[in-house]
Colleague: 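Quick one: this structure, given as structure tokens, is what I'll be asking you about.
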Amino acid sequence: MKTFGLPRNMLVDFRMLSMPCAVSRKSTQALVERLDAARRGPSLDNRLVLTGSAGCGKSYLMLQLVSYSAVNDWIVLYIPRAHKLVDSSTSYFYDPRTQTYLQPTASNQILQRFLTVNKKILEKLKVSGRVTFEKRKAVDTGKSLADLINIAMSEQHLAPVIMSKVLEEIGKQERYPVLLAVDEFQALYGKTEYRNQHYEHIKSFHLSVPRLLMEYACGKKHFKRGAVIGALSSSLSQYPITRELQQALQRSAEDSERGQISDPYTKVIAGMVEYSQGLSPFEVPGKLEYAEAAALFEIWMRDKALHSAANDELFLSKYSESSGNARAFVHGGLLATQLS
């Protein structure tokens, strides 16, 4: 996971103790079972978005799924910070041939990490057809996908085309299942910071990397074996969940009562509606179960990170104060003992 990186909140969490840790929950087991079933079917039938209240552990659950897949011979592509694909932090240029804005730097970075994590598998998989480029020698059939990705390392301007081709190739093969996991998923469906020549915000589906990821999310493209999983993040106030994505995920009645669901008179972007079709929500429980919280408490106790007497009274008080919310239990509960 050092190669792909982590969401910022998790990176801070993992520095609290002597080593990174997480607790396996019932929802972890439920999703692992769905992944095991997905390895025998197309990603078209396995497109999930992890939803739930703030701090319930969506990002941790996604990381557990990524780790499980990586050690069980899956091809894994993990995007831990999707907002970096739309915040105008990397270079881009307009391609009149595809009528999209290509992102060579972002594509190159993703391919580098993808190759590092999946190198042994990618060296075995071969290109099924001749890959042609403008102003460059073509890649012949039979070359490994690792060789194809290495071209992007030395010729960065070709990275967007190669990234699309690599995903297409791993989508065709049936030897290994594929997991595409995207955290901060809602950032792909919101307003981007990229601007065109008229200084207007560019829609995310006009940017090469977000568009490619959304094509797999909505089913326009798919893997013959595998799954596509996204996780919503409430920690990014500048990238809220959009109306189009809310509608697609059929948010809860509680959200509807708060006025967060679009009514027939609310304007939506047709392109965003198209790219959010077919997604299924997986609600992560808002509260840690008693046994799950106790396991987390025990980890902190064994690491000698609690600065108060580790007893049942302390555990129950912190569990009650946080109402079982995972982030509040750690940040406002266990971590607070270090300040007392």
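None of these values were measured; they are calculated from a predicted model.
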Colleague: Charged N to carboxylate O below 4.0 Å: is that the case for Glu200 and Arg195?
Modeller: no
Colleague: Checking the side chain of Ser154 only, and the main-chain atoms of Ile151 only, is there a donor and an acceptor separated by less than 3.5 Å?
Modeller: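 Such a contact is found between Ser154 side chain and Ile151 backbone.
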Colleague: A quick test of your reading: do over 12 heavy atoms of other residues, nucleotides or ligands sit less than 6.0 Å from CD of Gln238?
Modeller: yes
Colleague: Closest heavy-atom contact between Ala82 and Ala187?
Modeller: C-CB, 4.2 Å
Colleague: Counting the benzene-type ring for Trp, do Tyr189 and Tyr275 have ring centres under 6.0 Å apart?
Modeller: no
Colleague: Distance check, rounded to the nearest 0.5 Å: Asn46 atom CG versus Ser280 atom OG?
Modeller: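 Reported value, rounded in 0.5 Å steps: 9.0 Å.
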Colleague: Taking the side chain as everything from C-beta on, heavy atoms only, tell me whether Arg81 gets closer than 4.5 Å to Asp87.
Modeller: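 They are not in contact (no side-chain heavy atoms under 4.5 Å apart), so the answer is no.
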Colleague: To which residues is Met19 joined in a hydrophobic cluster, defined by side-chain heavy-atom contacts under 4.5 Å among Ile, Leu, Val, Met, Phe, Trp and Tyr, whether direct or through other members?
Modeller: none
Colleague: Hey, mind stepping through Arg327 and Asn9 against side-chain contact (heavy atoms from CB on, under 4.5 Å) and telling me if it holds?
Modeller: CA-CA 10 Å; Arg327 183 186 299 164; Asn9 287 348; 4.0 Å; yes
Colleague: I'd like to check the side-chain contact (heavy atoms from CB on, under 4.5 Å) partners of Arg25; sequence neighbours left out, ordered by chain and number.
Modeller: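 Ser27, Thr28, Val284, Pro285, Leu288, Glu292.
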Colleague: State, yes or no, whether a side-chain contact exists between Ile229 and Val182 at a heavy-atom distance under 4.5 Å.
Modeller: no
Colleague: Which value, rounded to the nearest 0.5 Å, describes the distance between Phe329 atom CZ and Leu335 atom CG?
Modeller: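 Answer rounded to 0.5 Å: 12.0 Å.
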Colleague: Drop me the distance from Asp73's CG to Lys120's NZ, to the nearest 0.5 angstrom.
Modeller: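 Between atom CG of Asp73 and atom NZ of Lys120 there are 10.0 Å.
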Colleague: Quick check: closest heavy atoms across Phe185 and Leu279, and the distance to 0.1 Å?
Modeller: CE2-CD1, 3.9 Å
Colleague: Measure the shortest side-chain to side-chain distance between Leu249 and Leu232 over non-hydrogen atoms and say whether it is less than 4.5 angstrom.
Modeller: yes
Colleague: Applying side-chain contact (heavy atoms from CB on, under 4.5 Å), run through Met214 and Ser204 and close with a yes or a no.
Modeller: CA-CA 9 Å; Met214 288 192 292; Ser204 58; 3.6 Å; yes
Colleague: Measuring only between side-chain heavy atoms, which start at C-beta, is Leu50 closer than 4.5 Å to Leu61?
Modeller: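 In contact.
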Colleague: Rounded to the nearest 0.5 Å, what separation is found between the NZ atom of Lys126 and the CG atom of Asp147?
Modeller: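 One gets 7.0 Å once the value is rounded to the nearest 0.5 Å.
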Colleague: Does Tyr94 form a side-chain contact (heavy atoms from CB on, under 4.5 Å) with Gln99? I'd like the steps, not just the answer.
Modeller: CA-CA 7 Å; Tyr94 184 70; Gln99 297 184 339; 3.6 Å; yes
Colleague: Which residues pass the side chain to side chain donor-acceptor pair (under 3.5 Å) test with Asn72, sequence neighbours left out?
Modeller: none
Colleague: Is there a donor-acceptor pair closer than 3.5 Å between any side-chain N or O of Gln186 and the backbone N or O of Ser233?
Modeller: yes
Colleague: Once side chain to side chain donor-acceptor pair (under 3.5 Å) is applied, do any residues pair with Glu193, and if so which ones, sequence neighbours excluded?
Modeller: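 Applying side chain to side chain donor-acceptor pair (under 3.5 Å) to Glu193 gives none.
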Colleague: Are Phe223 and Tyr216, when compared by the centres of their aromatic rings, separated by less than 6.0 Å?
Modeller: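 Between Phe223 and Tyr216, the centre distance is under 6.0 Å.
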Colleague: Enumerate the salt bridge (charged side-chain N to carboxylate O under 4.0 Å, His left out) contacts for residues 209-237, please, sequence neighbours excluded, ordered by first and then second residue.
Modeller: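 Sorted pair list: Glu174-Lys224, Arg211-Glu215, Glu215-Lys221, Lys220-Glu274.
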Colleague: Any ring-ring contact (aromatic ring centres under 6.0 Å, His included) pairs touching residues 105-137, not counting sequence neighbours?
Modeller: none
Colleague: Regarding His331 and Asp13, do their side chains bring together a donor and an acceptor under 3.5 Å, going by distance alone?
Modeller: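 The answer is yes; a qualifying pair exists.
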Colleague: Quick one: closest heavy-atom pair of Gln103 and Val209, and the distance?
Modeller: OE1-N, 3.1 Å
Colleague: What residue pairs, at least two apart or across chains, pass ring-ring contact (aromatic ring centres under 6.0 Å, His included) with a residue in residues 23-55?
Modeller: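 Counting only pairs at least two positions apart or across chains, no ring-ring contact (aromatic ring centres under 6.0 Å, His included) contact touches residues 23-55.
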Colleague: Minimum heavy-atom separation for Ala54 and Ser234, please, with both atom names.
Modeller: CB-OG, 3.0 Å
Colleague: Within the distance-only criterion (no hydrogens, no angle test), does the side chain of Ser69 pair as donor or acceptor with the backbone N or O of Val76 below 3.5 angstrom?
Modeller: no
Colleague: For Thr51 and Glu283, what are the C-alpha separation, side-chain angles and deciding distance, and is it a side-chain hydrogen bond (donor to acceptor under 3.5 Å, both in side chains)?
Modeller: CA-CA 5 Å; Thr51 63; Glu283 188 77 15; 2.8 Å; yes
Colleague: Under 4.5 Å between any side-chain heavy atoms of Gln112 and Asn108, yes or no?
Modeller: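 Heavy-atom side-chain distance check passes, below 4.5 Å.
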Colleague: For Arg302, is the CZ atom crowded, meaning more than 12 foreign heavy atoms sit under 6.0 Å from it?
Modeller: no
Colleague: Measuring from Ser144:OG to Ile121:CD1, what's the distance to the nearest 0.5 Å?
Modeller: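 Nearest 0.5 Å value for the OG-CD1 distance: 13.0 Å.
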Colleague: Please, which pairs that meet salt bridge (charged side-chain N to carboxylate O under 4.0 Å, His left out) have at least one residue in residues 31-55, sequence neighbours excluded?
Modeller: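 Checked against salt bridge (charged side-chain N to carboxylate O under 4.0 Å, His left out) - neighbours excluded - no pair reaches residues 31-55.
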Colleague: Looking at Lys143 and Asp140, does any basic side-chain N land under 4.0 Å from a carboxylate oxygen?
Modeller: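 Answer for the salt bridge query: no.
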Colleague: So do the side chains of Val86 and Pro210 get within less than 4.5 Å of each other, counting heavy atoms only?
Modeller: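 Side chain of Val86 against side chain of Pro210, heavy atoms only: contact under 4.5 Å found.
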Colleague: Are Glu169 and Ser128 linked by a side-chain donor-acceptor pair shorter than 3.5 Å?
Modeller: yes
Colleague: With no hydrogens and no angle check, just 3.5 Å: does a side-chain donor-acceptor pair link Asn325 and Ser323?
Modeller: no
Colleague: Counting only heavy atoms not in Lys203, do more than 12 sit closer than 6.0 Å to its NZ atom?
Modeller: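 At most 12 heavy atoms, drawn from other residues, nucleotides or ligands, come within 6.0 Å of this atom.
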Colleague: Flag the pair Phe14 / Tyr60 as yes when their ring centroid distance falls below 6.0 Å, and as no otherwise.
Modeller: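 They qualify: ring centres under 6.0 Å apart.
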Colleague: Any chance the side chains of Asp183 and Ser59 put a donor and an acceptor closer than 3.5 Å?
Modeller: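 Indeed, the side chains of Asp183 and Ser59 share at least one donor-acceptor pair under 3.5 Å.
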Colleague: Please give me the minimum heavy-atom distance between Tyr239 and Lys191, naming the atom from each residue.
Modeller: CE2-O, 3.6 Å
Colleague: Would you sort out whether Ile75 and Leu179 count as a side-chain contact (heavy atoms from CB on, under 4.5 Å), showing the intermediate values?
Modeller: CA-CA 6 Å; Ile75 299 173; Leu179 174 64; over 6 Å; no
Colleague: Decide if atom NZ of Lys172 counts as having more than 12 heavy atoms of other residues, nucleotides or ligands within a radius under 6.0 Å.
Modeller: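 Buried by this count: over 12 neighbours within 6.0 Å.
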Colleague: Going by heavy atoms in the side chains, are Ile110 and Met163 under 4.5 Å from each other?
Modeller: yes
Colleague: Working to the nearest 0.5 angstrom, can you tell me the gap between Asn196 CG and Tyr92 OH?
Modeller: 7.5 Å
Colleague: Please tell me whether Gln156 and Thr105 have a donor and an acceptor in their side chains that are separated by less than 3.5 angstrom.
Modeller: yes
Colleague: Can you find a heavy atom in the side chain of Leu85 that is under 4.5 Å from one in the side chain of Tyr194?
Modeller: no
Colleague: Can you list every ring-ring contact (aromatic ring centres under 6.0 Å, His included) pair that touches residues 15-46, not counting sequence neighbours?
Modeller: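 Residue pairs passing ring-ring contact (aromatic ring centres under 6.0 Å, His included), neighbours aside: none found.
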Colleague: Only counting residues at least two apart or in another chain, list the ones meeting side chain to side chain donor-acceptor pair (under 3.5 Å) with Arg8.
Modeller: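 Applying side chain to side chain donor-acceptor pair (under 3.5 Å) to Arg8 gives none.
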Colleague: Scan for ring-ring contact (aromatic ring centres under 6.0 Å, His included) pairs involving residues 134-175, sequence neighbours excluded, and state none if there are none.
Modeller: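 Found none.
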Colleague: Holding to side chain to side chain donor-acceptor pair (under 3.5 Å), I want the full list of residues that pass it with Ser43, two or more places apart in sequence or in another chain.
Modeller: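 Side chain to side chain donor-acceptor pair (under 3.5 Å) list for Ser43, sorted by chain: empty.
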